[in-house]
Amino acid sequence: MPTAIKILKRLVIGRARRSEELGETLLPKRLALPIFASDPLSSVAYATQEILLVLTLGGLAYLHFTPWIGAAVVALMTVVVLSYRQVVHAYPSGGGSYAVVSTNLGPSAGLVVGASLLVDYVMTVAVSVASGVDNIISAVPSLADYRVLMALCFVALLTALNLRGLRESGRLFAAPTYLFIGGMLIMIGTGLLRYLLGDAPVAESSRYGITPQEADLDLAGLALVMLVLRAFSSGCTALTGVEAISNGVPAFRRPKSQNAANTLAAMGIIAVILFVGVTTLAIVAKVHIADDPCRLTGLPDCAGHTQRTVIAQLAAAVFGGADSFGFFYLQAVTALILILAANTAFNGFPLLSSILAQDSYLPRQLHNRGDRLVFSNGIIALAVVAGLLLYGFKANVTSLIHLYILGVFTSFTLSQTGMIRHWNRALHNETDPVQRRRHHLARAVNSTGAAVTGLVLVIVLVTKFTQGAWLAVVAATVLWLMMRGIRRQYDRTTTELAVTDPRQDSVPPTRVLAIVLVSTLNKPTLRALDYARAFRPDHLEALTVAVDQESLSTLLGQWNDFDIQVPLKVLRSPYREITRPAVAYVRSVRRDGPHDLVAVFIPEYVVGHWWENFLHNQTALWLKSRLLLTPGVTVTSVPWQLSSATGTHRPIARAPGSVRRGEPPNSVGHTALHTTPQDPDTD
């Protein structure tokens with residue numbers, strides 16, 4: 001790797017850490033909260049807005065359902081947090097829903113959870129970053145044209161920060177998270193106090209009416225139920241990321257389970273307070289927001305109007321306008337926490353993909369830790385996919401939100417069902433009355449969680465499927481099939497390579513036949529011949545493919561003049577092919593001696609510049625790829641370092657082996673031969 005790239009890498013991610021330093025990267029609760037809980041904490045910045053956007057499809061008449069929907073979301077969040085506290089204690093080794101479901105419902109169901117969560121983590125990054133960019137644009141509308149560019153830059157920044165390690169990223173993310181929590185509590189407290197004192201804050205959009213999406217829309221019966229359920233499913237985005245702590249238990253300091261459970265409880269309490277506060281303020285301030293600004297009645301120029309987010313409108317109403325310090329402070333920390341909320345996925349995705357890779361469902365490179373003891377390959381993979389998604393959907397929250405939360409509720413439902421079987425098994429083996437009562441209570445909590453989240457999963461699927469959620473279903477299904485295929489391939493390879501009988505599986509060859517491929521006589525050729533001799537094969541020969549008589553005559557003349565003591569086999573190729581005749585000859589040698597080992601030595605140039613690879617070794621690489629498919633044939637590359645690779649342009653005085661042969665250092669046999677090879681690709 002060039003020095004400049006090494007320096008840049010060290011500047012971005014820092015020095016490499018030893019494996020023994022892994023314990024130093026474990027997290028205290030104060031850092032674990034911003035790392036693993038930034039997503040559910042920040043989702044209050046858009047969960048209320050998503051509820052309002054759906055309800056206003058029918059105009060303003062249906063906003064009175066907002067508090068009831070908010071209460072349902074709070075109840076659901078409470079149940080899910082309590083349920084995952086059970087998971088944290090029962091499965092402290094990490095893996096969360098995947099581990100629970102795989103253990104209790106089987107590998108296939110566990111893989112459904114794994115695929116769903118991986119898709120949901122990608123969506124978390126996309127939605128969080130896009131929502132953060134929205135809040136920046138709310139404060140500075142002139143940046144609207146740079147929405148996608150800003151989103152991609154933020155993903156790149158998060159990637160670099162996470163590559164530095166959990167602890168380092170936690171320190172960086174802690175301050176914005178706590179500043180966001182503090183700012184939100186101040187806004188909620190101030191707004192509610194003003195309301196109680198008779199000076200309720202009024203949102204800038206309160207004077208606008210909203211035209212129903214379709215004229216004369218009068219919802220009743222099933223249509224009204226579907227509207228409310230759809231608003232509820234959109235509000236359930238407040239629950240995303242709750243499971244991340246259960247996946248990341250191994251990253252906590254000891255006692256891991258207790259610290260993770262306490263962090264989960266703190267996250268749940270804070271998220272509920274913030275969500276209830278924002279929803280209440282939105283009702284008090286009469287925030288009106290629509291999916292299309294032109295549906296706002298009384299707006300002079302809807303085409304050029306950029307709606308502020310719910311949080312931005314509340315901050316302006318509470319703190320005294322869109323030019324107040326409180327407004328800009330809250331917009332800044334909200335945008336920051338929304339962007340950093342993607343960090344939940346940047347920790348959950350690599351951890352989960354590492355566990356899946358360890359179980360042979362994903363490429364095993366995803367289980368490897370990088371220089372900073374984080375799962376670097378998983379972090380980079382997440383960044384690439386999320387970046388493509390943001391680019392494809394133009395970083396639009398409304399377009400992305402429909403792909404969201406389906407996966408997380410799939411994992412919620414299956415994990416709670418798996419926990420029911422876990423407690424049934426524990427009750428079957430437990431005789432202590434006190435422990436049995438605890439198990440019964442835990443099973444009741446998980447049973448409630450399974451029933452409620454299962455119902456929400458159905459609601460989300462029904463209300464969002466045609467609006468884009470089908471893409472998430474397809475992505476999870478494709479990922480599930482791909483992971484099963486990877487596991488089958490790994491299992492097949494393991495079975496094929498397993499040693500059953502050492503006497504039969506390890507049979508020494510009768511003879512070793514060495515073949516050196518030659519295009520022209522030069523220093524790399526001499527090195528390859530010397531290397532082949534060093535193996536002391538039973539038979540050694542050189543092989544060349546003649547594509548024209550002139551080059552062949554030159555090679556034969558040099559072979560005789562320099563008295564090369566290796567027989568040269570010539571294959572004539574009237575159609576100028578090189579690879580096919582050489583491969584066919586090697587295979588024929590193998591057929592003639594099925595118990596022999598055929599060792600093929602190929603001279604190759606080692607270059608110092610990437611572009612030189614296009615000028616050399618092309619035929620050698622193709623020959624190697626074909627010969628490697630032949631059983632009983634080994635292929636050895638014999639490198640010759642060009643001056644660009646060694647950093648020197650001085651000619652080498654003697655070829656390797658010249659002293660052993662007793663030849664003088666400057667003999668003609670070891671000077672460069674200025675003959676032009678007929679096929680330079682064989683170099």
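No experiment lies behind these values; they were computed from the predicted model shown.
- Between the NE2 atom of His440 and the CG atom of Leu427 there is a distance of 4.5 Å, given to the nearest 0.5 Å.
- A donor-acceptor contact shorter than 3.5 Å links the side chain of Gln49 to the backbone of Val310.
- A 4.5 Å side-chain heavy-atom check between Arg147 and Asn396 finds every atom pair outside the cut-off.
- To the nearest 0.5 angstrom, Leu33 atom CG is 11.5 Å from Asn262 atom CG.
- To the nearest 0.5 angstrom, Leu457 atom CG is 4.5 Å from Thr413 atom OG1.
- A side-chain donor-acceptor contact under 3.5 Å links Arg487 to the backbone of Asp359.
- Here the straight-line distance linking atom OH of Tyr121 with atom CG of Leu352 works out to 6.0 Å at 0.5 Å rounding.
- A distance-only check finds no donor-acceptor pair linking the side chain of Asn104 to the backbone of Arg421 [under 3.5 Å].
- The side-chain heavy atoms of Ile188 and Thr280, taken from C-beta on, include no pair separated by under 4.5 Å.
- Ala345 approaches Pro350 most closely through the heavy-atom pair O-CD, 3.6 Å.
- Residues Phe232 and Leu76 meet the side-chain proximity criterion, which asks for heavy atoms closer than 4.5 Å.
- A heavy-atom distance below 4.5 Å is not found between the side chains of Leu161 and Phe346.
- Ring centroid separation for the pair Phe412 and Tyr84 comes in under the 6.0 Å cut-off.
- The closest donor-acceptor contact from the side chain of Ser415 to the backbone of Val100 lies at 3.5 Å or more, if one exists at all.
- In this structure, the side chains of Val456 and Cys236 come closer than 4.5 Å at one or more pairs of heavy atoms.
- Side-chain polar atoms of Arg484 and Ser108 form a donor-acceptor pair below 3.5 angstrom.
- No cation-pi contact links Arg30 to Tyr178, judged by a cut-off of 6.0 Å to the six-membered ring centre and 45° from its axis.
- Side-chain atoms of Asn259 come within 3.5 Å of backbone N or O of Arg253 as a donor-acceptor pair.
- With Asn162 contributing its side chain and Leu158 its backbone, the two residues share a donor-acceptor pair below 3.5 Å.
- Counting only N and O atoms by type, the side chains of Thr309 and Gln313 include no donor and acceptor under 3.5 Å apart.
- For the pair Thr279/Val74, no side-chain contact is recorded, criterion being any heavy-atom separation below 4.5 Å from C-beta on.
- Rounding to the nearest 0.5 angstrom, the gap separating the CZ atom in Arg425 from the CD1 atom in Ile420 is 12.5 Å.
- Using a 30° and 60° split on the angle between ring planes, Tyr361 and Tyr98 fall in the perpendicular class, above 60°.
- Between the Ser128 side chain and the Val125 main chain, no donor and acceptor come within less than 3.5 Å of each other.
- Taking every heavy atom of both residues into account, Ala261 and Arg85 meet most closely at O-NH1, 2.7 Å.
- If you check the side chains of Arg443 and Asn424, you find a donor sitting under 3.5 Å from an acceptor.
- Taking 4.5 Å as the limit, every side-chain heavy atom of Leu366 sits out of range of all side-chain heavy atoms of Leu356.
- Considering CD1 of Ile270 and CG of Leu185, their distance stands at 8.0 Å, rounded to 0.5 Å.
- Using modelled atom types, one side-chain atom of Arg436 and one backbone atom of Glu430 make a donor-acceptor pair closer than 3.5 Å.
- Side-chain contact between Val79 and Gln416 is absent, with no heavy-atom pair separated by less than 4.5 Å.
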